[in-house]
K.L.:
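Quick one: the structure is below, questions incoming.
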Number of protein chains: 2
Amino acid sequence: MEDLKYDTVMVRYGELAIKSEQVRNKYEKILIKNIEAMLDLHKIEYQEIVRERGRIYVISEDKRAPAVISNVFGVVSTSPVITTGPTLEESCKVAAAIGKEVIKDGESFAINARRAGAHDFTSQDAGRKCGDAVWEAIKDRHPRVDLKNPDHEIFVEIREERSYIFTGVIRGTGGMPLGSQGKMVALVSGGIDSPVAAWMMMRRGCEIIPVYFNNEQYVDEAYTQKAIDTIRKLKEWSPGHDFKVYEVPHGECLRTFRERGNIRYTCVFCKRMMYKVAIEIAKKEGAHGIITGSSLGQVASQTSENLLIEHHGIDFPIYHPLIGLDKNEIVDMAQRIGTLDISVRPAMGCQAVPKHPAIHGRIEEIMKMESEQVDFDKMIGDALSRARITIM
Amino acid sequence: MEDLKYDTVMVRYGELAIKSEQVRNKYEKILIKNIEAMLDLHKIEYQEIVRERGRIYVISEDKRAPAVISNVFGVVSTSPVITTGPTLEESCKVAAAIGKEVIKDGESFAINARRAGAHDFTSQDAGRKCGDAVWEAIKDRHPRVDLKNPDHEIFVEIREERSYIFTGVIRGTGGMPLGSQGKMVALVSGGIDSPVAAWMMMRRGCEIIPVYFNNEQYVDEAYTQKAIDTIRKLKEWSPGHDFKVYEVPHGECLRTFRERGNIRYTCVFCKRMMYKVAIEIAKKEGAHGIITGSSLGQVASQTSENLLIEHHGIDFPIYHPLIGLDKNEIVDMAQRIGTLDISVRPAMGCQAVPKHPAIHGRIEEIMKMESEQVDFDKMIGDALSRARITIM
């Protein structure tokens, strides 16, 4: 049997629909630009992208297009669609052909018909006629009509200028179009969590500026490579939007702290230092916040008390999208994003982590160390001036 | 057929297992106390709760127990279990009885057998013998053995002192035992989002101090009632841990701002005021952070720019567990938590929300208003002194 020629991708988007018309217009334009960039990235040819009544239609016969477009932030779902003329006859013919292709012996089906515009028939008419046509085409396979829980549902949308007929629905990533919100600095390490956190904020519309703090002598090359590869993977979700990646040397400042301060506070100090440098980068880049992969209680040092200390004196929004999630939920997302395989590669993680990190840290103690033992401002300045910037 | 007598609930817990022994011990004790409190809340009788090799066993014949315990934070799953002596004969007898109860005509089954301790047989022996016994008991129903994807899996765990035999597994809420982390102030309104945010942090181990800001003349009674009922619903997830609920009058301060400031900044000002009052409450109560239901871009005023302004000068951790989630994900969680039905009840939400809220707010503008037009410190003091505290 010859394959049916799906010629269009129907794109549904969700939360946008409830915005004011002005905002919606702006967001739809961004969404379309992002779809174009994603198609270009995957070298998928298309003729045109059209907006119509809260839907976007991508005219393309490339079979990969529906799945690729479903990965554009803001897309709720996609369907490969066959278009035809807006008559009952043409619609029935296509519905029957689709039925013939997908419905197997003894399976059930239903027609879901809608109509908009001026026609001399109703939606009910369309549903009945298309149902008859499908039945006729496959009656030797003993089909059943089941409106409640069919094995196959064939959708027929007849509009003013053409009909759209389809059966499959591919779930999209949801969220909002990337670029519809402000920029954020995303702290990305070689671990599982931080890329998931960055991805979640990208999915809510933020462009990110990935920052990797290189702990130098305390990690190995493989660890740094994991971070870089993770950022590259995130970039695949962001076609059309450059990544300005900062790699900030962080080993010397850890060494200094370990020599002069209470070693049990190393992780708290490290976090505070990263926040302060990240805030400087955010201000320079016009970003609106910092994204971290912190999750409460996942490791011993991630207590609510230590997080309180980490935030002390930090007058800038620090977002922890994973703060209320379980590890298995985070791992599932990392798998879906495509970063998990990279993050679990063997590597030597940070060796500056003390054997017994402070769990119930005292804020006065770390403040005293910071003011007496280290020159914080100089450290921040050094880190920034030595940062390596790469455009991806 | 007489019902089988399930006499024990097997409780599995996850992330705890990877903590150090000392931390694990502490967390397990909290978990057991929380299970006791949950059982008491539901008036479920039990004889004993025992810890054994990374599992908790609740000796209870109450059929509601497994589902109720699965709602205790930290529990990954539960199973209703029949216990018997640690011999092959006794185990086979119970496995056969369970098989007889659950396996229907033509269905497939598998035995999943484990063994720990000193016995004169292996796990394989146990699996084979129990499988034979089940088969024998139901052979007239044409059963099939399917090790890969069985309709029913019967688990046989033979330990030193007794055997545990079961088939059903109820998924738990996961997370960490409530009380294993510090306290947090949770801002709870009459809307869908904020109770979900509070619940997520409870699930990560935090006791919460719910704070409801009553916008008085700008909302109706029904709206306030929704907030109160929502907090009551959250309390059901927290047996054994009192809620100290703050109801803070917020209408006058909104009115003052609207009279003197730029009305388009009402929502930003309102948030900032809530944060400042909440931080005072947190400090008084020894809480480690503030929880909000903010989600990026969900409504027009929740832009990254406005969030930046909201955080300006706020030197305390503000947690937004929903910041990276989509509305439909939040709604699904609200359904599961049991707050959705309350949150969607009809009520008059805040009428102080301007028709055209500032979307790209300017930080200088709001700072100027705060310093020149309103007496912030006095407002905070007034709000705190007029707050009504209820213990739930």
Side-chain angles (χ1 to χ4, degrees), chain A residues 14-15 18-20 23 27 76 173-176 180-184 196-206 282 287-289 291 295-300 302-329 356 359-360, chain B residues 14-15 18-20 23 27 76 173-176 180-184 196-206 282 287-289 291 295-300 302-329 356 359-360:
Chain A
E15 285 185 55
I18 55 169
K19 309 279 167 197
S20 75
V23 176
Y27 283 14
V76 169
T173 52
M176 306 280 281
S180 62
Q181 289 290 338
K183 283 185 281 188
M184 298 265 174
V196 175
W199 184 89
M200 286 181 81
M201 296 304 276
M202 290 164 72
R203 190 177 64 145
R204 290 305 301 169
C206 298
H288 297 156
I291 307 164
S295 162
L296 194 63
Q298 196 192 100
V299 299
Q302 278 182 340
T303 59
S304 56
E305 277 153 309
N306 280 359
L307 283 164
L308 180 64
I309 301 176
E310 285 170 21
H311 284 80
H312 185 77
I314 303 287
D315 171 14
F316 202 77
I318 313 278
Y319 296 111
H320 315 285
L322 314 182
I323 195 79
L325 297 179
D326 278 7
K327 187 73 186 184
N328 59 333
E329 294 168 323
H356 300 288
I359 289 175
H360 306 293
Chain B
E15 284 184 57
I18 55 169
K19 308 280 166 198
S20 75
V23 175
Y27 283 15
V76 169
T173 52
M176 306 279 281
S180 62
Q181 289 291 338
K183 283 184 281 188
M184 298 266 175
V196 175
W199 184 89
M200 287 181 81
M201 296 304 277
M202 291 165 71
R203 190 177 65 144
R204 291 305 301 169
C206 298
H288 297 157
I291 306 165
S295 162
L296 194 63
Q298 196 193 98
V299 298
Q302 280 181 339
T303 59
S304 56
E305 277 153 308
N306 280 359
L307 284 164
L308 180 64
I309 300 177
E310 285 170 21
H311 284 80
H312 185 78
I314 303 287
D315 171 14
F316 202 76
I318 313 279
Y319 296 110
H320 315 284
L322 314 182
I323 195 78
L325 296 180
D326 278 8
K327 187 73 186 185
N328 60 330
E329 295 168 323
H356 299 288
I359 289 175
H360 307 293

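In this text, all values refer to a predicted model and were calculated from it rather than measured experimentally. The sequence lines fix the lettering, A, B, ..., with proteins before strands; numbering per chain opens at 1. What's counted below: heavy atoms across the whole structure, side chains too, no hydrogens, waters or symmetry copies.
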K.L.:
Which value, rounded to the nearest 0.5 Å, describes the distance between A/M200 atom CE and B/L322 atom CG?
P.N.:
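Going from the CE atom of A/M200 to the CG atom of B/L322 covers 9.5 Å.
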K.L.:
Main chain of A/G175, side chain of B/D326: is a donor-acceptor contact present, judged purely on distance under 3.5 Å?
P.N.:
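Checked: pair present.
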K.L.:
Hey, does A/R204 have a side-chain heavy atom less than 4.5 Å from the side chain of B/S295?
P.N.:
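B/S295 vs A/R204: side chains touch.
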K.L.:
How many angstroms lie between CD1 in A/I323 and CD1 in B/I291, if you round to the nearest 0.5 Å?
P.N.:
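Between A/I323 CD1 and B/I291 CD1, I get 9.5 Å after rounding to 0.5 Å.
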K.L.:
Give me the atom names and distance for the closest heavy-atom approach of A/P317 to B/L307.
P.N.:
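Answer, listing the atom of A/P317 first, then B/L307: CG-O, 4.3 Å.
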K.L.:
Ignoring hydrogens and geometry, is there a side-chain-to-backbone donor-acceptor pair from A/D315 to B/G313 under 3.5 Å?
P.N.:
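Yes, A/D315 side chain to B/G313 backbone: donor-acceptor pair under 3.5 Å.
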K.L.:
Who among A/H312, A/H320, A/E310, A/E329 has the most heavy-atom pairs with chain B under 4.5 Å?
P.N.:
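Maximum pair count with chain B is reached by A/E329.
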K.L.:
What distance do B/Q298 atom CD and A/M176 atom CE have between them, rounded to the nearest 0.5 Å?
P.N.:
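So the gap between those two atoms works out to 9.5 Å.
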K.L.:
Evaluate the side-chain proximity of B/L296 to A/Y319: yes if any heavy-atom separation is below 4.5 Å, no if none is.
P.N.:
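Answer no - side chains too far apart.
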K.L.:
Quick one: side chain to side chain donor-acceptor pair (under 3.5 Å) partners of A/E305, sequence neighbours excluded?
P.N.:
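Result, side chain to side chain donor-acceptor pair (under 3.5 Å) vs A/E305: A/H360.
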K.L.:
So what's closer than 4.5 Å to chain A heavy atoms on B/M184: side chain, backbone, both or neither?
P.N.:
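Only the side chain of B/M184 comes within 4.5 Å of chain A.
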K.L.:
Just jot down the side chain to side chain donor-acceptor pair (under 3.5 Å) partners of B/H288, sequence neighbours excluded, or say none.
P.N.:
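Scan of B/H288 (side chain to side chain donor-acceptor pair (under 3.5 Å), adjacent residues dropped) gives A/S304.
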